[in-house]
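In what follows, a single structure is set out as structure tokens and then discussed.
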Amino acid sequence: PRRAPAEPKSTQGVFGMGNAGKTAVCAAGRKIWAFVRGDAVLSVSIVLAVVSMFFVPPGPAYVAYIDWDTLALLFSLMAVVKGFQSEGFFEYIGSGLLKRTRSTRSMAAVLVFLPFFCSTVITNDVSLITFVPFAVSVLRMARQEALAVPLIILQTLAANLGSMLTPMGNPQNLYLYAQSGMGFLQLCGIMLPYVLLSALCLGGAVLLRRPRPIPALSVEARPGRAKSLAWCAAGLLLCLLGIFNLVPDLAVAAVILAALLFGNRKLLRTVDYALLGTFAAFFIFIGNLSTIPSFQNFLSGILAGHVVPVSVLASQVISNVPAALLLSGFTSDWSGLLIGTNLGGLGTLIASMASLISYKQLAREFPEKKKRYFLWFTVCNVALLLLLLLEYALLSARG
């Protein structure tokens, strides 16, 4: 019998790959894309750092690029705040305040000013992660879902504006505080006029809403274990000692890391390492750029006398934390950079990455309200940004 013709040999490994290889490549591609979508800022910062390495080859100087003290203190604060959050401490405070509310106006005041004041200590992103879902639950309990868009917009504004006041309010403040060498009260004094005007605007927005009676709200929230809260309080005190330069920042991080390794490894996994990675990548990128004279002269020339407007505009495109990291290497006007990157958190949805937290929460809970939220979020943010820039201009004119 005639033998069947032999099938052609696979060209795998020479001209292409088999189905299994293609599947593996596609799966890897999907994972990479999911990573990029999940944290676009980290992805961009890594790409920028890698590209800069072609101009300045890696070497021992890279270690000096990274501000280890800032990373240590940022890690410590994030770990401590996550501890408080895991024990439900902030929800417990909010539930206690809500028991006294009897109208939609008083309810809104509590839900807006909780993130405003808490963000001065626990950062703007953690405030929104905590209090936006809390607000959604309260609105549904009070059958006031129609207030979701204005209330979450005001909460987002409150967290971004309240966080301007202190070094630990947001990541860029902590970084600029460490880099500039300014005192704690000095930083607070620079930002206080803008925070006060912001509080007045938020209060006015709450008062403009017509109050409607609501039943007494009883949100079930417990403060967590007393022992765990005591450890969190001790960790926060240690972080404050680091902020006031009474204890080395690396020592603070070492103590907190050791405590979590032996006492709560689960909490250790919840720290935002993507933010730490973003900082490290930008440190390398900025360090490499600072060694290129042409780029250094270009960016320094743009910033000369225009630090606030340039940092505000940069924040609209790359968000205020990367803007602070990028521009800090080319100017010594620390107060201008502090004001510009904080005010720059207003404006576009990506001007402050914390704002995306609120948007994602609303999109998940009320998908039909996304377009309305985006429109009014942009209008309110731009209007408040212009108002605060006017205040800056008036304060600058008075010297």
Side-chain angles (χ1 to χ4, degrees), residues 39-49 51-52 65-67 70-71 74 119 123-125 156-157 159-161 163-165 167-180 182 187 190-191 194 272 274-290 292 295-296 298-357 378 381-382 384-386 388-389 392:
D39 204 310
V41 176
L42 173 60
S43 303
V44 170
S45 65
I46 291 174
V47 170
L48 291 175
V51 170
S52 70
Y65 289 163
I66 298 176
D67 186 346
T70 297
L71 291 182
L74 186 60
S119 65
T123 74
N124 52 351
D125 54 344
T156 307
L157 286 169
N160 286 331
L161 295 168
S163 68
M164 298 191 300
L165 184 62
M168 55 278 198
N170 52 56
Q172 76 268 12
N173 274 14
L174 189 63
Y175 169 69
L176 295 175
Y177 174 75
Q179 288 291 303
S180 65
M182 67 175 65
L187 184 146
I190 292 171
M191 298 309 304
Y194 307 99
D272 188 358
L275 180 60
L276 296 176
T278 300
F279 268 73
F282 263 105
F283 286 145
I284 293 173
F285 175 62
I286 296 164
N288 286 337
L289 289 184
S290 63
I292 303 174
F295 187 87
Q296 185 176 17
F298 169 74
L299 202 51
S300 298
I302 292 177
L303 286 168
H306 306 94
V307 172
V308 172
V310 170
S311 54
V312 168
L313 291 174
S315 299
Q316 304 309 302
V317 181
I318 62 174
S319 87
N320 53 0
V321 174
L325 294 172
L326 174 61
L327 301 179
S328 64
F330 306 95
T331 180
S332 58
D333 184 3
W334 297 110
S335 61
L337 196 55
L338 180 71
I339 294 169
T341 52
N342 273 292
L343 300 190
L346 301 169
T348 63
L349 186 61
I350 63 170
S352 170
M353 297 308 293
S355 300
L356 290 173
I357 295 171
T378 305
N381 269 261
V382 170
L384 195 50
L385 173 60
L386 293 175
L388 293 179
L389 285 174
Y392 164 73

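To the nearest 0.5 Å, the span separating CG on Leu187 from CG on Leu165 amounts to 8.0 Å. Going from atom OG1 of Thr341 over to atom CG of Leu325 covers 9.5 Å, rounded to the nearest 0.5 Å. Here the CG-CG distance, from Asn173 to Asn124, works out to 9.0 Å after rounding to the nearest 0.5 Å. Atom OH of Tyr175 sits about 12.5 Å away from atom CG of Leu74, to the nearest 0.5 Å. Atom OG of Ser180 and atom CG of Leu338 lie 7.5 Å apart (nearest 0.5 Å). Atom-to-atom distance recorded for Met164:CE and Leu346:CG is 7.0 Å, nearest 0.5 angstrom.
Ile66 pairs with exactly one of Phe283, Phe282, Phe279 by the side-chain contact (heavy atoms from CB on, under 4.5 Å) rule, that one being Phe283.
Using cut-offs of 30° and 60° on the angle between ring planes, the pair Tyr194 and Tyr392 is tilted.
Pairing each heavy atom of Trp334 with each of Gln179, the nearest pair is CH2-CB, 3.7 Å. Met191 and Asn342 get closest at one heavy-atom pair: CE-CB, 3.7 Å. What you find for Ala351 and Gly344 is that their closest heavy atoms are CB-O, 3.1 Å. Contact between Asn320 and Gly345 at its shortest, heavy atoms only, is ND2-CA, 3.5 Å. Gly336 and Ser311 get closest at one heavy-atom pair: O-OG, 4.2 Å. For the residue pair Ser328 and Leu337, the shortest heavy atom distance occurs at CA-CD2, 3.6 Å.
Side chains of Val321 and Thr278 form no contact here, defined as non-hydrogen atoms less than 4.5 Å apart. Proximity of Met182 to Ile190: side-chain heavy atoms (C-beta onward) are separated by under 4.5 Å at one or more points. In this structure, Leu389 and Leu385 have side chains that are in contact, with non-hydrogen atoms separated by less than 4.5 Å. Using a 4.5 Å heavy-atom cutoff, the side chains of Leu299 and Leu289 are not in contact. You'll find the side chain of Leu71 stays beyond 4.5 Å of the side chain of Asp67, heavy atoms only. Side-chain contact between Pro171 and Leu174: absent, with no pair of heavy atoms (C-beta onward) separated by less than 4.5 Å.
In this structure, a donor-acceptor pair under 3.5 Å is present between the side chains of Ser355 and Asn160. If you check the side chains of Thr123 and Asp125, you find a donor sitting under 3.5 Å from an acceptor.
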Evaluation steps, side chain to side chain contact (heavy atoms under 4.5 Å, CB included), between Leu276 and Asp272: CA-CA 7 Å; Leu276 296 176; Asp272 188 358; over 6 Å; no
Steps toward side chain to side chain contact (heavy atoms under 4.5 Å, CB included) verdict (Phe285, Leu326): CA-CA 8 Å; Phe285 175 62; Leu326 174 61; 3.8 Å; yes
